[in-house]
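Order of the sequence lines fixes the chain letters, A, B, ..., with proteins taken first and strands second; residue numbering starts at 1 for each chain. Here the structure is a predicted model, which is why all the values come from computation and not from measurement.
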Protein chains: 4
Amino acid sequence: MQVNNLETLFKKTLAKSKLTAKQQAVLQVSLNLFSEQGFDGTSTSEIAKAAGVSEGTVFKQFKTKAGILEALLNPVLDDVLPMAAGEFLTEMNQSDLPNFQQLLQYMIADRMKFVLENQKQIRVFAQEIIRNPKIIQTLQVRAAAMIKGEAGDFLQQYKDSGQLVDWPSGRIIQYLLGTIISYVAPQVLLVPTKDFDIQQASTEAAEFLARGLAPQN
Amino acid sequence: MQVNNLETLFKKTLAKSKLTAKQQAVLQVSLNLFSEQGFDGTSTSEIAKAAGVSEGTVFKQFKTKAGILEALLNPVLDDVLPMAAGEFLTEMNQSDLPNFQQLLQYMIADRMKFVLENQKQIRVFAQEIIRNPKIIQTLQVRAAAMIKGEAGDFLQQYKDSGQLVDWPSGRIIQYLLGTIISYVAPQVLLVPTKDFDIQQASTEAAEFLARGLAPQN
Amino acid sequence: MQVNNLETLFKKTLAKSKLTAKQQAVLQVSLNLFSEQGFDGTSTSEIAKAAGVSEGTVFKQFKTKAGILEALLNPVLDDVLPMAAGEFLTEMNQSDLPNFQQLLQYMIADRMKFVLENQKQIRVFAQEIIRNPKIIQTLQVRAAAMIKGEAGDFLQQYKDSGQLVDWPSGRIIQYLLGTIISYVAPQVLLVPTKDFDIQQASTEAAEFLARGLAPQN
Amino acid sequence: MQVNNLETLFKKTLAKSKLTAKQQAVLQVSLNLFSEQGFDGTSTSEIAKAAGVSEGTVFKQFKTKAGILEALLNPVLDDVLPMAAGEFLTEMNQSDLPNFQQLLQYMIADRMKFVLENQKQIRVFAQEIIRNPKIIQTLQVRAAAMIKGEAGDFLQQYKDSGQLVDWPSGRIIQYLLGTIISYVAPQVLLVPTKDFDIQQASTEAAEFLARGLAPQN
DNA sequence: AATGAATGAGAGTTCATTCAT
DNA sequence: GATGAATGAACTCTCATTCAT
């Protein structure tokens, strides 16, 4: 089974960490507040009050306010995203869906679900990306590695079997992401609406991408 | 000729406004600082110093720090973006490019140029969109109106002539934007690199979109 | 006829002064605003806006904000109050009311009317007295002079004729003022109510004072 | 024994409160500065410096500058004044002074002492009453209740025994207060002079009031 | 005489951070 | 480990006042 939910993963990570219950509360509460109000819009005293701890406790473990943000984003950057991506590709490989469009749809639905289930973290991420371009560089480096490795190999199979246009893997993934983002961005940026239909959205997106990425006869 | 450059337009707007030179300097400097450091990361004393005016002057005209941001974003939201979009469609209609892919390429190149020439404003916009979901709602409403109107009529021509798949105009524009964004986002979010090749990027993007949006035979 | 209304007097003084219409507007508006919001609670830009003049104009004539206050209070302190008091005593002397209690009532009614008709100035005065003890000293000095002079002579007549207790004039006037103030203070300090009945109040007060100030048989 | 001294009472209240020594210092110092310079004339940095604390400390407890004023006035309004008044009447009842004039003198001396011992608080009160009419309304309501209750009963005894004119209690108390105020106002408003003779003043005032409030034979 | 843009000192307030308990 | 009082620098904003036009 796939790990789609960063929140669950996040809580498991917290539980495994040596952090006390109070420190974990600080992280949990900070995630929510940063997501809703932004990093700059959230004060440490607000965090302390919402977490039910003293103002000193907030700093005991994380030293600075930025330290809290790091503690929130680093595990995502270091462990969760790669792990989730790894598991994702593994599963894709095992899925053995013969039709490329069907595969695309499954894939897209899966990633959309991932995004929608982890809106809070992603919103914090999005804020931080704009504040701090270094993050996007890190992401680019990792993405490049993945494209050269597993993801590239994965796509190669479909190129070889004549179901996928022979463009560089990076370009293909770029269109894939662009299309997915065009669906989920409004959901993530706006107050989330419950009426988003993943099934229909992924079907539409897969239809478009399958055409756009089909080899020219 | 098309108005592509918000900066020029912005300066013309400033010149036409009844703002004094110092007040204009405040806006100009605020745009740069907000773009580089974010709204929260920029202090009003920093603005005053960079604009070469006193702190009092900053507030005399714009009342609050948020007032400066409004003064920066409102003209863009109210006048410049619609105007630019309107002129853009007019020109598209006049261009009379027979081939849909060529049209796409021209269009994409044009919009990429627009984005790259106005990175500062767009970066401030992007920040504010994440801070304040109301903006995206406004944009959605305006986009919906445009899709129902001019833009829809424009696309209809190509649907009628069998060069464009008969999907709702909103869906088509969504893919268009998603693809363009997949190219320009890294440029805008990262420190801009000079080696971005609009010609190649627009050719690639048009190629992909032309396939994805072609009617099924 | 008696000059009871400082407002009229104030406007006449303004008209006689060499002040331009705008400068007069500044004074008029300042009186109202100081009375309603207090001196510290009123900004010079507020005055300028309410008077319909520029901010510079406010300072052209009066140099400082305190200068406006002085311009408002000095004529009252220097001319109006003594003049009004002088006219008052003259009239009292002419009135030739045989009965002391009737005289008291007339006097009290007259002074109550004076206070109620000039609430604004008096409120500004009251504020300033608390801020600035020097004013009360000035008043004390003037009162002492008046007691030694005209007012003392006036009271002496009634002492001589056995209608007034033979206490020092200062003491008598103190009780007179204390009693009047006990009636008008709530009117001046609270938002003024229209249902204050001068006739009844002065009758009551005169009744009390006539008893308290009657010579012991 | 009677609680005459708000300052002592104030300090006891402070001691009982959960405020730290520094927070208590802030209140103590604010009382002095507000009394001397007025609320608007005292800056929070001035308070901080005089209290020997940082500026942050001033706001940690009291949130706003107005919060300090409230913290100073509320206990007086809510607890101290009613308590002092209650104790006062109790003692009056117990005193069993046969002669009304003697009673008056004792009473007046007592209240004068109260005012003179608590000049600072009363000066702050006076300022605030002029700034904020709501306070006087509160006072009026409380006074009305007291007149209907204990104070009214107390005066009734003397009306019944033919020592006090049969006027409404409110009117009687009004003259009482007016007369007392005519003595203490200059003391409170001016820089206090030490040569005020309570004994003589209360004897004089009682003499006047006893005459004014005696039943007509 | 009048304007109003500009000033800059200082106001009240916030906030991340420290440290003795 | 946790507390929370205390800090003080920095922040946004106000204001009386000036001065070139």
> Residues in side chain to side chain donor-acceptor pair (under 3.5 Å) with A:N132, at least two apart?
none
> Distance from B:Q119 atom CD to B:S35 atom OG, nearest 0.5 Å?
8.5 Å
> Identify, with sequence neighbours excluded, every residue that meets side chain to side chain donor-acceptor pair (under 3.5 Å) alongside D:T138.
none
> Identify, with sequence neighbours excluded, every residue that meets salt bridge (charged side-chain N to carboxylate O under 4.0 Å, His left out) alongside B:K60.
C:E55
> Show me the donor-acceptor pairs within less than 3.5 Å that the side chains of residues 20-27 of chain B make with the rest of the protein, sequence neighbours left out.
{"residue": "B:T20", "atom": "OG1", "partner": "B:Q23", "partner atom": "N", "Å": "3.3"}
{"residue": "B:Q24", "atom": "NE2", "partner": "B:L14", "partner atom": "O", "Å": "3.3"}
{"residue": "B:Q24", "atom": "NE2", "partner": "B:L19", "partner atom": "O", "Å": "2.9"}

> Going by the rule ring-ring contact (aromatic ring centres under 6.0 Å, His included), which residues pair with B:F39 if we only count those two or more places apart in sequence or in a different chain?
B:F34
> For residues D:L69 and D:V124, determine if any side-chain heavy atom of one lies less than 4.5 Å from a side-chain heavy atom of the other.
yes
> Rounding to a whole Å, what distance do you find between D:Q23:CD and F:dG4:C1'?
11 Å
> Looking at CD of D:E70 and CD of D:E128, how far apart are the two atoms once the value is rounded to the nearest 0.5 Å?
9.5 Å
> Whole-Å distance between F:dC11 P and B:I47 CD1?
11 Å
> What pairs meet the salt bridge (Lys or Arg N to Asp or Glu O under 4.0 Å) rule with one or both residues in residues 25-37 of chain B, with sequence neighbours excluded?
none
> Looking at residues at least two apart in the chain, or sitting in another chain, which of them share a side chain to side chain donor-acceptor pair (under 3.5 Å) with D:T64?
none
> Restricting to side chain to side chain donor-acceptor pair (under 3.5 Å), what partner residues turn up for B:Q37, sequence neighbours left out?
B:T42, B:E46
> Given Watson-Crick or G-U pairs with both distances under 3.5 Å, what dot-bracket string fits DNA chain E, with | for other-strand pairs and [ ] for crossing?
.||||||||||||||||||||
> Counting only heavy atoms and a strict 4.0 angstrom limit, can you tell me which residues of residues 57-73 of chain A come near DNA chain E?
A:F59, A:T64, A:K65
> How long is the line joining CD of D:Q24 and C1' of F:dA6, in whole Å?
16 Å
> Does anything in residues 48-56 of chain C reach DNA chain E, meaning a heavy atom under 4.0 Å, and if so which residues?
C:V53, C:S54, C:E55, C:G56
> Kindly indicate, with the supporting measurements, whether the criterion side-chain contact (heavy atoms from CB on, under 4.5 Å) is fulfilled by B:I135 and B:L73.
CA-CA 10 Å; B:I135 287 188; B:L73 294 186; 4.2 Å; yes
> Flag the pair C:D40 and C:R131 as a salt bridge only when some basic side-chain nitrogen lies within less than 4.0 angstrom of an acidic carboxylate oxygen.
yes
> Would you jot down, in residue-number order, the residues of residues 34-45 of chain A having a non-hydrogen atom under 4.0 Å from DNA chain F?
none
